[in-house]
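What's counted below: heavy atoms across the whole structure, side chains too, no hydrogens, waters or symmetry copies.
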Amino acid sequence: MNASTTPTRIALVTGASRGLGRNTALKLAQQGVDIILTYKGSESEAHAVVRQIEALGQRAVALQLDVADSRSFGAFAGSVKTALANTWQRERFDDLVNNAGIGIHASFAETTEEQFDLLANVHLKGTFFLTQKLLPLIEDGGRIVNTSSGLARFTLPGHAAYAAMKGGIEVLTRYMAKELGPRGITVNTIAPGAIETDFGGGVVRDNPQANAQIAGVTALGRVGQPDDIGGAVAALLSDGNRWITGQRIEVSGGMML
């Protein structure tokens, strides 16, 4: 537990049982932030992250959430409210990181309506209505980070639907920043480049040819690591960035400049 006389910050990170969400949660915990993390299916992985956060001296709670199911958001907000009361004796948390996501690789011509709808529900509708439901639980002066992708700036075949959703997230972020500004809440977009994780079947991590190709078009000469993104999100939520809002911040090592 943070020994500071000021209340410990609490961040809610969606999709934090694995990948970039897990890394973000751990980086925030290293900065003295307590965590509410969500997971979709693997409760054991989520509780392993909770134990890692507790080993860093912070408190953490894992809650189940399917971001594709907007009908569940009201009940989820109730679970968050209960967790805040039971674990922190508080009514609100400080920071929201909308990280949870999926990848579907399909050409524009072959993308099905079902694939399109799933991507929309997870990335765009999920971010929109989950944040809306959680707004009463976010402190005035809090911070929200939405997750986009470098693919909203550059184009690679097979990602038309996914990138379109991320483009929507970037526009939504600006509107959220404008409308939540009177409450002192900042809203920004983080846009990762290609990262070595299991996302999208792990192609960047596990395919040496794809890895080398991406490194070759990246200014810093390599593909990204989870630490590159988790560290960037944690930095964006730090005190020194309280005057940044409505911005798209690409964290790609200079991919396809």
Side-chain angles (χ1 to χ4, degrees), residues 2-16 19-38 53 56-60 88 90 92-101 123 127-128 130-132 134-135 137-150 152-153 166-167 169-193 195 219-220 224-255 257:
N2 196 312
S4 172
T5 55
T6 59
T8 301
R9 292 188 75 85
I10 304 169
L12 193 160
V13 184
T14 65
L20 299 183
R22 172 184 174 276
N23 190 276
T24 296
L26 293 174
K27 290 292 186 184
L28 286 168
Q30 289 170 9
Q31 292 187 359
V33 178
D34 288 349
I35 304 294
I36 300 172
L37 63 99
T38 80
I53 292 168
L56 292 168
Q58 300 305 127
R59 287 181 286 184
W88 288 277
R90 284 176 54 179
R92 293 182 173 186
F93 64 94
D94 301 279
D95 306 317
L96 172 62
V97 182
N98 286 307
N99 164 80
H123 292 284
T127 297
F128 190 109
L130 178 62
T131 305
Q132 185 187 79
L134 292 175
L135 274 180
L137 302 178
I138 299 175
E139 293 278 11
D140 291 351
R143 293 172 194 164
I144 298 171
V145 175
N146 297 325
T147 305
S148 181
S149 169
R153 175 178 63 84
K166 294 305 191 180
I169 284 294
E170 295 184 7
V171 173
L172 174 61
T173 293
R174 296 197 298 272
Y175 276 83
M176 289 170 64
K178 186 74 169 180
E179 294 194 24
L180 300 182
R183 288 185 54 189
I185 296 173
T186 67
V187 190
N188 292 290
T189 298
I190 200 93
I195 309 294
L220 293 180
Q225 302 293 328
D227 277 352
D228 297 323
I229 308 304
V233 176
L236 188 57
L237 294 177
S238 65
D239 287 343
N241 285 324
R242 63 177 179 266
W243 198 238
I244 298 174
T245 195
Q247 302 304 304
R248 176 193 191 272
I249 298 161
E250 184 169 316
V251 187
S252 68
M255 185 175 174
L257 292 177

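Of all heavy-atom pairs between Gly230 and Asn23, the closest is CA-OD1, 3.2 Å. Here the closest heavy-atom approach between residue Val251 and residue Ala232 is recorded as CG2-CB, 3.8 Å. Shortest non-hydrogen contact noted between Ala16 and Ala25 is CB-CB, 4.3 Å. Across all non-hydrogen atoms, the minimal contact from Gly246 to Asn188 is N-OD1, 3.2 Å. Heavy-atom minimum distance, Ser148 versus Glu170: OG-OE2, 2.6 Å.
In this structure Thr131 satisfies the side-chain hydrogen bond (donor to acceptor under 3.5 Å, both in side chains) test together with Asn98, sequence neighbours excluded. Residues forming a side-chain hydrogen bond (donor to acceptor under 3.5 Å, both in side chains) with Arg92 (at least two apart in sequence, or on another chain): none. Among residues two or more places apart in sequence or in another chain, the side-chain hydrogen bond (donor to acceptor under 3.5 Å, both in side chains) test is passed with Asp94 by Arg90. Residues forming a side-chain hydrogen bond (donor to acceptor under 3.5 Å, both in side chains) with Arg22 (at least two apart in sequence, or on another chain): Gln52.
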Can you give the donor-acceptor pairs under 3.5 Å from side chains of residues 172-181 to other protein atoms, not counting sequence neighbours?
residue : atom : partner : partner atom : Å
Thr173  : OG1  : Asn146  : ND2          : 3.0
Thr173  : OG1  : Ile169  : O            : 2.9
Thr173  : OG1  : Thr189  : OG1          : 2.7

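Ion pairing between a basic and an acidic side chain is recognised when a charged N comes within 4.0 Å of a carboxylate O; Arg143 and Asp95 show no such pairing.
Annotation: side chain of Leu135 is in contact with side chain of Arg183 (closest heavy-atom distance under 4.5 Å).
Judged as a salt bridge (Lys or Arg N to Asp or Glu O under 4.0 Å), the pairs with a partner in residues 227-246 (not counting sequence neighbours) are, in order, Lys27-Asp227, Arg222-Asp228.
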